[in-house]
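Data first, discussion second: the structure below is written as structure tokens.
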Amino acid sequence: MNAVGLSLVIFAAKLMVAFGQQCIADPNLDAEFGDYDLEGSCCQEAICLLGCPEQVDAPNKGFGIAVVVAIGVFVIVGFLTVFLIKGKNENYFVAGRSLPLWVIVATLASQAIDSNAILGNADLSYKYHFFDGAVLPIGLGLSLILNAVFFAHKINVDKALTLPDVFAKRYGKLVELLVSLCTITSFLCLLAGNLVGMGAILSYLLDISKANAIWISAALVLVYTIAGGLFSVAYTDCLQALVGWLGCMTLAFYMIRNSEDSAPPPSIGYPDYIYPDQETCDMYDGVPCSNNATLCCYNIDQNCPNGIGSADCVIDNGAYPIGDLPMFSNQLLDEHALYPFPNAILWNWSTVFILAFGNLAALDFQARCMASKTPRIAVIGCLLAGCLTFLVGIPFAYLGAITRTYYGPDTARAEFAADTCSVALGLPTCALWLPDPQAFIKLLTHEAPAFLGGWCLIGIVAASMSTSDGAILAMGTVFTHNIIRNVDAYFSCCFNMGGKKLITNDNLLNIARLVSIPVTAIAATVAAYYESSHSAGATGYLLIVAFDVMLASVVVPLFGCFYTKKPSPLAALLSLLAGVAVRVILEYSLPKDGFLLAPFKGDEFLDYGPAANSKVPPFWDFPAEDAWDPADGACDQVRFADWTGLDSLAAPLVSLVVFVIIQFLERNGPLFKFSDDGIMVGYLKEGQGDDDDAKVLEDDLALKEEAAPVSTAPISDQGKVDENNFPDEDEMSVSA
């Protein structure tokens with residue numbers, strides 16, 4: 001049964017209950033449980049004798065008011081920065097290359113610390129365990145540190161307007177176009193993931209549909225982003241960082257320090273529950289069992305003297321026989337670390353790699369490096385922002401275990417799929433726990449101190465807005481500057497227009513603003529209709545998809561830009577196409593069931609099966625003939641078989657091999673001769689070189705027959721043209 005199949009089973013079960021039908025799909029097995037009445041009851045109570053899930057009250061309206069007011073302040077501050085643009089393109093796109101260190105640190109960290117690193121992180125660590133969520137901020141933080149090591153200085157010195165400009169300078173217009181398309185596709189997913197996170201909070205607090213909440217979120221962020229460009233993004237990021245980071249860190253450390261339990265303790269159980277060991281027995285003053293006096297059972301006289309349902313009755317669901325932990329230190333080293341639950345160790349390591357290296361080609365990260373006042377500021381900013389990402393993001397993974405103490409499988413709010421079994425858990429029925437998708441938000445509104453909970457909610461919304469605005473700006477800029485602006489190069493027959501260009505410096509700014517509207521609408525549409533049953537969840541999974549795209553396509557040629565003596569346009573083109581082809585082929589050829597769990601040995605790596613029989617679990621104090629033997633084969637389970645992650649690792653490896661081979665073959669000259677003014681020849685973008693640089697290039701081209709091909713490595717001492725008067729056709733070709 002794959003993830004989609006399981007979702008359909010659960011949905012069908014709910015429909016059957018809603019129409020008064022059976023709880024177990026097999027009618028013969030359902031009949032073994034006798035006649036039961038679901039009016040005022042539920043399947044987990046009728047089949048498994050577990051209480052129906054307790055409902056949680058709606059949140060206090062004050063939370064919604066506080067979040068709405070905060071959003072309003074962010075929008076106003078962002079909109080006011082429109083006066084800093086002064087009609088200048090460079091001010092809009094890269095903030096005049098004037099941002100100081102404190103702004104760079106704040107805006108870089110704000111791009112990394114988004115709703116994925118906070119809300120997605122907490123949700124995943126709640127549903128699964130610590131490192132399932134922590135890999136998100138770990139990967140994002142590592143990417144900033146790697147960027148400081150490999151690219152920040154070089155990107156700043158290159159004086160590019162966008163990341164595809166860096167490729168255009170070395171590889172030409174065709175590679176520039178492909179890189180632009182890949183980066184826009186990536187950032188559509190990134191923006192959608194953040195809109196899902198912001199929409200989830202607004203939907204819950206304001207009691208509106210998720211789709212409406214997402215569209216409202218998209219419109220609000222879009223308004224101030226297109227008004228002030230990178231100035232609005234940078235300075236709202238600073239405000240959002242101040243409010244958001246403090247709120248999120250304060251809440252996280254308060255809950256870690258003051259929660260009664262940092263993780264669910266060993267289960268106290270219920271009448272007839274058998275404790276797994278003497279230590280747990282002593283903890284709860286267990287008594288000898290009725291059917292086997294050598295075993296220790298729940299003490300009903302002490303813990304539930306007036307019967308189940310009375311105010312003084314203390315019970316749980318027996319979901320954690322030996323208890324849980326905030327973190328299993330060997331989760332990333334041992335696939336069996338979480339027994340009896342499966343461990344997505346392959347996927348978690350793949351996630352770290354995808355985010356750490358895929359993010360190196362992130363448009364928003366590199367735009368901030370371009371906007372840094374000096375190369376040194378870009379480097380230090382990346383290092384400090386990476387450390388801040390660890391500091392703010394990782395503690396939220398600890399909150400997953402705390403959330404399970406309030407909304408986990410051992411609480412009165414837990415919901416189980418009655419028609420499921422598991423050998424590893426020893427459960428013939430009600431084996432599958434159904435996590436509450438709003439559990440972490442409910443923790444903030446119902447369990448945390450109201451002020452801290454509201455502050456953290458504002459922080460998560462701020463984090464979502466700070467990444468969303470950067471994504472909108474990046475996509476609008478790239479689509480306008482690197483795709484539309486080059487249309488005449490690909491379709492000269494249609495766009496020649498008597499020597500006039502489709503986009504000029506006079507209309508570039510306004511067209512970039514207009515283009516931001518449809519790309520935001522596309523991302524909002526994806527977010528609004530992306531109801532994910534995926535194991536990684538909508539928010540976290542869309543983040544990983546975003547940079548999986550970059551890792552497969554763009555990252556290897558990016559290294560080639562700065563770390564090869566003579567970057568080859570052919571090598572870049574073929575490596576990009578090879579990486580994308582391998583990623584697409586493996587996506588549909590590798591075994592995948594949607595659970596992100598590789599087929600390791602062990603009972604915990606068996607998928608949940610349909611209900612096995614009507615017997616009781618073996619840890620109930622019943623006669624032996626009534627207890628289920630998990631070894632009897634009645635639970636029909638299929639081993640998980642999902643190799644997701646291998647495709648993400650294989651694609652950049654193939655891309656690297658192709659790039660290295662072509663570079664080697666072209667060490668003495670290009671394999672193919674391209675036209676000096678064609679789309680496979682590097683050229684200087686506006687602002688990347690002055691007249692002296694152009695003259696040097698012309699001299700090199702004149703001597704190309706007598707000398708080795710000219711290196712397209714970054715030109716040193718690059719000048720800076722007037723920021724509002726870029727030449728339209730000053731694109732000097734460079735030999736491939």
Side-chain angles (χ1 to χ4, degrees), residues 53-54 56-57 59 63 113 115-138 197 200-201 204 244-268 283 314 316-329 331 337-338 341 343 348 390-415 433-460 463 537 539-540:
E54 289 184 0
V56 180
D57 294 334
F63 289 106
I113 305 169
S115 61
N116 299 289
I118 297 177
L119 183 59
N121 171 8
D123 282 345
L124 288 169
S125 58
Y126 155 70
K127 295 176 183 177
Y128 306 106
H129 224 283
F130 178 85
F131 281 107
D132 297 280
V135 292
L136 298 181
I138 289 173
I201 292 176
Y204 180 70
W245 299 349
L246 287 177
C248 291
M249 286 193 295
T250 302
L251 181 281
F253 287 111
Y254 175 88
M255 295 298 290
I256 292 171
R257 181 177 178 83
N258 294 283
S259 293
E260 183 177 348
D261 294 306
S262 59
S267 301
I268 191 173
M283 180 184 298
V314 182
D316 56 31
N317 298 322
Y320 292 106
I322 59 175
D324 194 6
L325 292 174
M327 177 182 70
F328 287 88
S329 58
Q331 186 183 348
L338 303 182
F341 301 103
N343 181 11
N348 286 337
F390 294 145
L391 180 64
V392 177
I394 292 177
F396 267 77
Y398 283 99
L399 298 186
I402 294 174
T403 307
R404 285 196 299 276
T405 65
Y406 294 98
Y407 298 94
D410 229 3
T411 68
R413 296 155 172 169
E415 182 180 1
W433 169 53
L434 304 174
D436 184 345
Q438 297 175 323
F440 183 68
I441 301 176
K442 291 177 180 177
L443 177 80
L444 299 180
T445 55
H446 292 79
E447 318 303 337
F451 176 76
L452 291 182
W455 192 4
C456 185
L457 286 168
I458 292 172
I460 296 173
T539 304

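Note that the numbering runs from 1 along the sequence shown for the chain. Atoms considered below: every heavy atom in the structure, side chains included; atoms not considered: hydrogens, waters and symmetry mates. Predicted, not measured: the structure shown is a model, and the values here were computed from it.
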For this session: Quick one: list whatever passes side chain to side chain contact (heavy atoms under 4.5 Å, CB included) with Ala412, sequence neighbours left out.
Result: Glu54
Exercise. Mind checking whether Ile441 and Ile201 have side chains closer than 4.5 Å, heavy atoms only?
Worked result: yes
Problem set entry | Ile322, CD1: over 12 other non-hydrogen atoms inside 6.0 angstrom | no
Problem set entry | Distance-minimising heavy-atom pair for Phe63 and Ala450 | CE2-O, 3.5 Å
Would you give me the side-chain donor-acceptor pairs under 3.5 Å for residues 392-399, sequence neighbours excluded?
none

Exercise. Is Asp316 reaching over with its side chain to a backbone N or O of Ser267, donor-acceptor style, under 3.5 angstrom?
Worked result: no
Exercise. Would you find a donor on one side and an acceptor on the other, under 3.5 Å apart, between the side chain of Asn343 and the backbone of Leu338?
Worked result: no
Seminar exercise, completed: By side chain to side chain contact (heavy atoms under 4.5 Å, CB included), Thr250 pairs with (sequence neighbours left out) Leu452, Trp455
Problem set entry | Listed partners of Asn121 passing side chain to side chain donor-acceptor pair (under 3.5 Å), at least two apart | none
Problem set entry | Which residues share a side chain to side chain contact (heavy atoms under 4.5 Å, CB included) with Pro53, sequence neighbours left out | Cys42, Gln44, Glu415
For this session: Provide the closest heavy-atom pair for Pro409 versus Asn317 in the form atom of the first, atom of the second, distance.
Result: O-ND2, 2.9 Å
Seminar exercise, completed: All heavy atoms of Pro264 vs all of Ala401, minimum pair found to be CD-O, 3.6 Å
Problem set entry | Side chain to side chain, Leu391 and Trp245, heavy atoms closer than 4.5 Å | no
Exercise. Restricting to pairs with a member in residues 440-460, which pass salt bridge (Lys or Arg N to Asp or Glu O under 4.0 Å), not counting sequence neighbours?
Worked result: Arg413-Glu447, Asp436-Lys442
For this session: Mind jotting down which residue pairs meet the salt bridge (Lys or Arg N to Asp or Glu O under 4.0 Å) criterion with at least one end in residues 393-412? Sequence neighbours excluded, please.
Result: Asp324-Arg404
Exercise. Does Pro435 reach the side chain of Tyr126, with side-chain heavy atoms less than 4.5 Å apart?
Worked result: yes
Output side-chain donor-acceptor pairs under 3.5 Å for residues 255-262, partner residues at least two apart or in another chain, one line each.
residue, atom, partner, partner atom, Å
Asn258, ND2, Tyr254, O, 2.9
Ser259, OG, Met255, O, 2.6

Problem set entry | Any residue meeting ring pair (Phe, Tyr, Trp, His ring centres under 6.0 Å) with Tyr204, in chain and number order, not counting sequence neighbours | none
Exercise. Of all residues at least two apart in sequence or in a different chain, which pass the side chain to side chain donor-acceptor pair (under 3.5 Å) check with Gln438?
Worked result: none
For this session: Give the minimum heavy-atom separation between Ala463 and Ile113, together with the two atoms involved.
Result: CB-O, 3.1 Å
